[in-house]
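Proteins come first, then strands; the chains are lettered A, B, ... in the order of their sequence lines, and each starts at number 1. What you see is a predicted model; the values in this text were computed from it and never measured.
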Amino acid sequence: MSEPTESSDPLKVSRFTYRQLQGLRQGSTTTPLRVVAHIDLDAFYAQCEMVRLGTPRDIPLAVRQWDSLIAINYAARPFGINRLINVAEARKLCPDLVLQHVATFREGEGGRWAYREDSFRNISTDKVSLDPYRAQSRKILQTMKDALATWGANNTEVEAQNPKQELSAVLEKASIDEVFIDLSPLIYRALLQRYPELRIATQDENRDAELPIPPTTALQWDTDCLVDLDQHETEEDDPGWDDVVMLIGSEIVRSVRNAVWEKLSYTCSAGLGRNKMIAKLGSACNKPNLQTVVRNRAVQNFLNGYKFTQIRMLGGKLGDQITAAFGTEKVSELLHVPLEQLRTRLADHTATWLYGIIRGEDRSEVNPRTQIKSMLSAKSFRPSINSLDQAEKWLRIFAADIYGRLVEDGVLENRRRPKVITMHYRTAQSRSRQIPIPGSGAIDENLLYDLANTLLRQVVADGQAWPCSNLSLSVSSFEDGVSNNKAIEGFLIRGDQAKALSHSSRPRDADNSPSEQASTEKRRKLDGDGGKIKSFFGNQSHLEDTSADEPGSLQEPVEMDAELDGIPREEHDDWHFAKDLASQDREEAKGSQPSLPTKSSARGTTARGRGGRGGGSRGKPEKGQMRLAFQ
DNA sequence: CGGTTTTCT
DNA sequence: GGAGAAAACCG
C-alpha cells in the first residue's frame with residue numbers, strides 16, 4: 001500500500017478490512033467506517049412560528065417570552081438581534097421585527113393553551129406552553145424516520161441476502177430540535193449494492209483481509225460543506241472507503257433534510273462525522289440550511305480550530321477546571337499534553353476521555369431513543385407568591401399541562417406511564433420531594449393534582465415556605481406498556497419474525513393530531529398558509545373532561561376490552577413479563593460502553609428496596625430505553 | 001432520593 | 001440573562 005500506483009491497480013488494497021466493513025452492520029462504535037449524523041433545526045422555535053404564521057423566510061422574526069427573546073430567525077440576525085437583548089432593544093434595532101409571544105396556559109383555563117395577544121402582560125396569570133413546538137418536533141421526527149425507512153428502498157437485493165439484518169438507521173432524539181442518526185447500517189447496505197466487489201469473502205476466516213480499493217478517484221460532494229483536510233493530507237490522494245461512506249451518508253442526510261423541507265417546510269443543518277461529537281460540532285458549522293462533512297482525514301484540523309470548552313460536557317465546570325489546570329482553552333495546545341500529565345490533574349477516566357475526545361475519538365452510541373424520559377412544568381414567580389392558595393392554582397395548571405402531554409405520549413392507551421412525580425420548590429433555598437405514582441388505575445389530571453398537592457404539603461411543612469420564587473412539577477421514570485394482545489405477541493416472537501410483524505401491527509401514532517391524518521399538505525409557497533395553522537393547533541384541551549373517557553380518541557381500536565381506566569391485574573403481570581423478555585432481547589445484541597467523563601461511573605442498577613408490590617420489575621440493566629416491537 | 005450540573009431555545 | 005425544559009450525574 002506504499003506504492004505510488006494508479007488507483008485502479010488491482011494489486012492495491014484498501015487500508016480497511018472486511019471486519020471494519022462488517023462493523024457497519026451492527027453499529028459498531030469503533031469501526032473507522034462509522035458514519036453518524038447530527039441534524040439540528042435552524043432557530044427551531046422561530047421556524048415553528050414562521051410556519052404557523054406563514055411568514056416568509058426573509059422577514060425578521062423572533063419568539064418572545066415575556067420581555068425576553070428565546071429564538072431569533074436568520075433574517076433577524078443581521079440586525080444585531082440576539083438572545084441577550086429585550087423586546088424594546090430589539091424593536092429599536094429592527095422596527096419591522098415580527099415578535100411572536102409563545103403560547104400560554106392561563107389560570108382558570110385548565111390544560112388549554114393558546115396564542116394570546118396579551119400574554120406578555122399577564123406573566124402573573126399565564127404560564128408558557130411549549131406544546132406547539134413539541135408537536136412540530138414529533139412531526140419532523142416522524143418525517144425523518146419515514147425518509148430513512150424509504151431511502152434506497154427500491155433495491156432490496158442485499159436485504160434478501162441478509163434476511164437477519166435489519167439494516168436500518170438508528171435515530172436518537174437528542175432534544176426538541178436535534179437528532180443523532182447512526183447511518184452505518186444503511187450505508188452498509190448501499191455499499192454492497194453499489195460495489196459488488198465488497199460482497200465477496202465475508203467468510204469468517206477472511207475478516208482481517210483488506211478490502212479492494214474504491215473504484216473512484218474523485219467524489220462528487222454536491223452542496224456539502226467540506227472541512228479542510230489535516231496537515232500532510234491532500235485532496236489529490238484517492239478517496240478511501242472512509243470517504244465513500246461519508247459521501248453516501250451525506251446523500252442520505254440530504255434526502256432526509258429535503259423530506260423535512262418538502263413535507264413540513266422546515267430547514268435544518270447537519271453535520272456528518274465518524275462519531276456523535278464530530279457530527280454535533282459539524283452541524284453548527286454552516287447554518288442555516290447546510291450540511292457539513294468532517295472526513296476522517298480532516299478531523300484533527302477540524303478540532304484544532306476549537307476551544308475544547310465548546311465540546312459537549314466541557315462547557316461548564318469541568319472545562320474551567322481543565323483550563324485552569326493546563327493554562328489553555330485551545331484543543332491544539334491541549335493536544336501537546338501527554339496522557340500521564342492529564343492524569344495528574346484529573347480523575348482517571350476523565351483524563352482518558354479527554355485525551356481521546358480532543359483527538360476526535362468518541363465511542364458513545366446512538367441510542368434508539370425517540371421518547372422523552374421526563375416531563376416538567378414550571379413557573380418562576382416575580383414577585384414571589386406567598387400562600388398555599390396561590391401555589392395550588394399553579395399546581396392545577398401544571399397538572400393539566402403534564403396530563404395533556406401524557407395523553408400525547410399515550411397514557412390513555414397504556415403505552416407508557418410515569419412512575420414518579422416530583423415537586424421542586426424554591427424559596428431562599430430550594431427543595432424537592434417525590435413520591436410514586438400508584439401503579440394501578442388510570443392517571444388523570446385530578447390524580448396528578450392530588451399527588452402534587454400532597455407534595456406541596458410536605459414541602460411547605462418542612463421549612464420556610466414563603467415567599468416562594470419558583471415551583472415546578474415533573475413526572476419521570478417512565479415505564480413502557482403495551483396496548484393490546486397483538487403487541488404482546490410481538491414481544492414473544494423473536495428476531496426475524498418480530499420484524500415482519502413490527503410493521504403491520506403498528507398501533508396508531510399519537511404523534512399527530514387526530515385531525516390531520518393524511519396530511520398531504522405539501523407545496524408550501526413562501527406565503528399563504530396552506531392549512532398549516534389548522535394542523536398546528538392539533539390537540540390541546542383535555543381540560544375539564546375529567547369525567548369522560550372520550551371514546552372518540554380510540555379510533556382504530558386496539559381490539560381488546562378497552563380499559564381506559566387502568567390495567568387489570570393479571571394483564572399487568574403479563575406486561576411485566578413481556579417487558580423482561582424484551583429486555584433480554586436487547587441485551588444479547590450489544591456490548592456497549594458509553595464512555596463518558598464521569599467521576600465514578602459505578603452504573604447504579606441499584607435494585608432499589610422498594611417494599612411495595614408494584615415495583616417488581618427485576619433488575620433491568622437498560623440504559624437507553626428499550627424499543628417496543630412496534631415502535 | 002434529593003441535589004447539582006450541563007445543555008438548549 | 002432569565003425562563004422553561006430535559007438529561008445525566010453524584011453521593
Touch class at under 4.0 angstrom, heavy-atom based, for [X] against every strand present:
| X | answer |
| --- | --- |
| A:Ile435 | nothing |
| A:Lys280 | sugar-phosphate |
| A:Ser430 | sugar-phosphate |

Cation-pi check for [Y] against [X]: NZ or CZ below 6.0 Å from the six-membered ring centre and within 45 degrees of the axis, yes or no?
| X | Y | result |
| --- | --- | --- |
| A:Arg52 | A:Tyr115 | yes |
| A:Lys276 | A:Phe180 | yes |
| A:Arg433 | A:Tyr425 | no |

Length of the line joining [X]:[atom1] and [N]:[atom2], which is rounded to integer Å:
| X | N | atom1 | atom2 | value |
| --- | --- | --- | --- | --- |
| A:Leu41 | B:dT9 | CG | P | 10 Å |
| A:Tyr425 | B:dG2 | OH | P | 16 Å |
| A:Met50 | B:dT9 | CE | C1' | 16 Å |
| A:His349 | C:dC9 | NE2 | P | 11 Å |
| A:Gln429 | B:dT4 | CD | P | 10 Å |
| A:Lys317 | C:dC9 | NZ | P | 17 Å |
| A:Glu365 | C:dA8 | CD | P | 12 Å |
| A:Asp177 | B:dT7 | CG | P | 15 Å |

request  = May I ask you to decide whether A:Glu109 forms a salt bridge with A:Arg396, counting only side-chain N to carboxylate O separations under 4.0 Å?
outcome  =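 Not counted as a salt bridge, because no side-chain N and carboxylate O are separated by less than 4.0 Å.
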
key: Lys/Arg-Asp/Glu bridge criterion (N-O < 4.0 Å) met for A:Arg405, A:Asp401   =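 A salt bridge links A:Arg405 with A:Asp401.
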
ask   = Around atom NZ of A:Lys287, are there more than 12 heavy atoms of other residues, nucleotides or ligands at under 6.0 Å?
value =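 Atom NZ in A:Lys287 is packed in, count exceeds 12.
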
key: Intermediate values then yes/no, side-chain contact (heavy atoms from CB on, under 4.5 Å), A:Leu61 and A:Glu49   = CA-CA 8 Å; A:Leu61 176 150; A:Glu49 298 302 342; 4.1 Å; yes

ask   = For B:dG3, does either OP1 or OP2 sit under 4.0 Å from a side-chain N or O belonging to A:Ser432?
value =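 Answer yes for this pair, as a side-chain N or O of A:Ser432 is under 4.0 Å from OP1 or OP2.
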
message = Output one letter per nucleotide in nucleotides 1-6 of chain C: B when a protein non-hydrogen atom lies under 4.0 Å from the base, S when only the sugar-phosphate is that close, - when neither is.
response = BBBSSS

